[in-house]
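Hydrogens, waters and symmetry mates are skipped; everything else that's a heavy atom, side chains included, is used. All values derive from a computational prediction rather than experimental measurement.
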Amino acid sequence: MSTAVPTDHERAAVQAYARLLRTVRAAFDGVPDGVRPRVVPPAVLAEAEQALARAGLAGNEEDFFRLLHHWCPRA
């Protein structure tokens with residue numbers, strides 16, 4: 001993340017991660033303790049992984065989470 005303005009790929013990575021996070025939260029919402037929630041659909045995980053790779057953020061968690069915090073402070 002070298003610029004103050006996120007690139008389209010960086011923005012897409014944050015949006016894909018936010019969708020993944022909402023999917024995971026929904027999977028755990030209302031599930032009783034000791035019960036396994038539904039599995040996150042593979043397409044949701046793949047979208048997030050591809051978006052991170054296109055933005056050059058795969059393996060660069062520090063920059064990604066800094067970008068995420070800037071765009072989605074409550075994520």
Looking only at heavy atoms, which two atoms of Ala48 and Ala16 are closest? And how far apart? CA-CB, 3.8 Å

For Asp8, which residues count as a side-chain hydrogen bond (donor to acceptor under 3.5 Å, both in side chains) partner, sequence neighbours excluded? Arg11

Roughly how far, to the nearest 0.5 Å, is CG of Leu20 from CD of Gln15? 13.5 Å

With Arg19 via side-chain hydrogen bond (donor to acceptor under 3.5 Å, both in side chains) - residues at least two apart: Glu47

